[in-house]
Amino acid sequence: ARFARDCLAAHNTTVKALEWTLGPETGDLRLRVALHSGPVTAGVLRGERSRFQLFGDTVNTTSRLESTGEGDRIHISKATVKLLNEAG
């Protein structure tokens, strides 16, 4: 959660710098962050450029949280909230 908060702060700083450099219309940029915890399958996909990829319901749930969430907010699933509370 701390990492997501730091990313949001860095995004806001970057947007302000872009707005100063490129003009006020860049101030409309918004960042959506989503966190969900659960099992995933990972692998390297080969092709023109190899890349590391995650698969599974956990990834899909996180994607839905992010795509339907409000901008400039950190969206956290109940599963992740439970783990964070248990960790203290």
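Each residue takes its place number in the sequence, starting with 1.
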Ser37 OG to Lys78 NZ distance, which is reported to the nearest 0.5 Å: 15.0 Å
Pairs meeting criterion side chain to side chain donor-acceptor pair (under 3.5 Å) with involvement of residues 11-24, two or more places apart: none
Single-linkage hydrophobic cluster, 4.5 Å side-chain cutoff, Phe55 and Val44 together: no
Polar side-chain atom of Ser67 near backbone of Ser63 as donor-acceptor pair, under 3.5 Å: yes
Path from Val81 to Leu35 over hydrophobic side-chain contacts below 4.5 Å: yes
Atom pair CG/OG1 of Leu54 and Thr41 - distance to nearest 0.5 Å: 9.0 Å
His36 side chain near Leu65 side chain, heavy-atom distance below 4.5 Å: yes
Value rounded to 0.5 Å, distance of CZ in Arg32 from CD in Glu70: 10.5 Å
Side chain proximity check, Pro39 to Thr58, heavy atoms < 4.5 angstrom: yes
Intermediate values then yes/no, side chain to side chain contact (heavy atoms under 4.5 Å, CB included), Thr62 and Val59: CA-CA 5 Å; Thr62 306; Val59 177; 5.8 Å; no
Partners meeting salt bridge (Lys or Arg N to Asp or Glu O under 4.0 Å) with Arg30 (sequence neighbours left out): Asp72
Note, Ser77 side chain near Thr80 side chain (heavy atom, < 4.5 Å): yes
